[in-house]
Amino acid sequence: ISAKGRIAAFVTSNTIDACTGDATAAYKGRLGRAVRHVIYLRPETFVLVDDLAAAGRESTFEWWIHGLSQIETDSDNAGATLRQRQARLRVRLHTPGPLTAAVTSKFLGPPDVYRASEKPFEFPPAGLAAGRGAQSPDQVHAHFQTAALPQTKIVATLQPYRAGSHPASVRVESGKDAMSLQFATGERVLVRLSEAGKVTRDGWSFDAAAMAVSADAVLLLAGFKLER
């Protein structure tokens with residue numbers, strides 16, 4: 001595998017962890033920017049911020065999630081629920097514009113991996129648990145796609161929970177320059193939607209990709225300035 005990526009930042013604490021990965025080089029010129037920030041609000045919530053830019057004037061952008069059995073997309077095409085025995089995962093995507101969504105069980109590569117004369121064909125991975133040469137059981141893949149844009153940010157919340165219970169509710173408010181995610185468990189995440197510069201939201205001013213607040217910690221992600 002010749003694709004390259006790098007971990008640009010990492011921080012951990014008792015209540016909030018965060019990591020930034022830069023996968024721009026892995027796309028080999030097909031994207032101008034592909035940076036993902038992961039915020040872990042202990043013990044049961046993940047917030048992903050994908051900062052994406054086209055290599056040319058515009059591009060559609062896709063966000064994928066993969067499961068072993070059931071994935072049911074939401075009616076507004078902006079989320080899904082994954083089910084595996086008694087485990088559940090609630091996924092919601094927050095973007096400036098609408099999304100389309102689809103679910104498939106096909107193992108298909110992106111269009112540019114096929115020769116001009118080839119039609120896309122399935123290439124399921126070998127089933128490691130079943131032994132060499134055995135085929136893996138069917139998996140399910142959901143993908144969400146934006147309209148053609150020069151750049152965008154996709155903010156995703158991922159909340160695992162058990163069957164019979166419910167994940168904590170999230171109130172999402174979005175303005176021109178920033179998005180606010182307020183969790184019923186008390187945590188707050190603010191995401192800068194503008195490309196750069198200081199933004200003010202919910203009584204905080206920060207010059208960073210995002211910030212997170214818990215009962216005993218404040219985290220600034222990919223930035224240097226925070227004021228309240």
Side-chain angles (χ1 to χ4, degrees), residues 1-67 89 91-96 99 107-113 123 125 128 139 141-146 148-160 177-179 181 187 189-199 206-214 217-226:
I1 298 175
S2 60
K4 302 295 183 181
R6 67 183 182 93
I7 300 298
F10 173 77
V11 65
T12 185
S13 72
N14 291 331
T15 55
I16 308 173
D17 298 334
C19 183
T20 296
D22 188 341
T24 305
Y27 288 90
K28 300 180 179 179
R30 297 182 182 92
L31 282 180
R33 183 173 63 251
V35 175
R36 169 169 284 182
H37 307 286
V38 180
I39 302 170
Y40 175 33
L41 304 174
R42 296 175 180 265
E44 57 190 18
T45 300
F46 295 86
V47 179
L48 274 57
V49 181
D50 287 312
D51 185 2
L52 307 168
R57 295 182 61 185
E58 290 186 340
S59 174
T60 59
F61 300 95
E62 295 182 355
W63 195 97
W64 286 75
I65 192 162
H66 312 278
L89 179 66
V91 179
R92 287 292 296 173
L93 304 180
H94 311 282
T95 65
L99 298 167
F107 286 93
L108 297 174
D112 57 359
V113 305
F123 191 75
L128 299 180
Q139 298 178 10
H141 320 278
H143 81 272
F144 304 85
Q145 183 173 299
T146 71
L149 300 165
Q151 60 188 30
T152 194
K153 291 187 179 180
I154 301 176
V155 180
T157 54
L158 288 78
Q159 298 172 284
D177 296 323
M179 180 184 297
L181 297 91
E187 300 88 355
V189 173
L190 301 177
V191 178
R192 181 174 62 194
L193 298 180
S194 53
E195 188 170 355
K198 185 174 76 172
V199 296
F206 61 99
D207 188 351
M211 62 168 290
V213 183
S214 68
V218 177
L219 180 145
L220 195 65
L221 191 57
F224 305 96
K225 188 172 184 179
L226 173 66

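With values rounded to the nearest 0.5 angstrom, L99 atom CG is found 7.0 Å from T146 atom OG1. Rounding to the nearest 0.5 angstrom, the gap separating the CG atom in L48 from the NE2 atom in H94 is 11.5 Å. Interatomic distance, OG1 of T157 versus CG of L41, reported as 10.5 Å (0.5 Å rounding). Atom CD1 of I16 and atom OG1 of T45 lie 11.5 Å apart (nearest 0.5 Å). Interatomic distance, R30 CZ to S59 OG, rounded to the nearest 0.5 Å: 11.5 Å. Here the straight-line distance linking atom CG of L221 with atom OG1 of T20 works out to 4.0 Å at 0.5 Å rounding.
The backbone N or O of A208 lies less than 3.5 Å from a partner atom in the side chain of R192, making a donor-acceptor pair. In this structure, K28 contributes its side chain and K4 its backbone to no donor-acceptor pair below 3.5 Å. In terms of modelled atom types and a separation under 3.5 Å, the side chain of R92 and the main chain of Q159 share no donor-acceptor contact.
Taking the six-membered ring for Trp and thresholds of 30 and 60 degrees, H66 and H141 have ring planes more than 60 degrees apart, a perpendicular arrangement.
Across all their heavy atoms, G32 and T24 have their closest contact at O-CG2, 3.5 Å. When all heavy atoms of A156 and L158 are compared, the closest pair comes out as CB-CD1, 4.0 Å. A pairwise comparison of heavy atoms in T15 and S214 identifies OG1-OG, 2.9 Å as the closest pair. Taking both residues in full, the closest heavy atoms of L149 and A54 are given as O-CB, 4.0 Å, listed atom of the first, atom of the second, then distance. Of all non-hydrogen atoms in F144 and A142, the two that sit nearest each other are CE1-CB, 4.3 Å. Between D17 and L219 the shortest heavy-atom distance is C-CD1, 4.5 Å.
Counting heavy atoms from C-beta on, the side chains of C19 and I7 come closer than 4.5 Å. L89 places a side-chain heavy atom less than 4.5 Å from the side chain of I65.
For the side-chain contact (heavy atoms from CB on, under 4.5 Å) with V155, the lone residue among L181, L93, T95 that qualifies is L181.
With sequence neighbours excluded, no residue forms a ring pair (Phe, Tyr, Trp, His ring centres under 6.0 Å) with F10. Under the ring pair (Phe, Tyr, Trp, His ring centres under 6.0 Å) criterion, F61 pairs with no residue, sequence neighbours left out.
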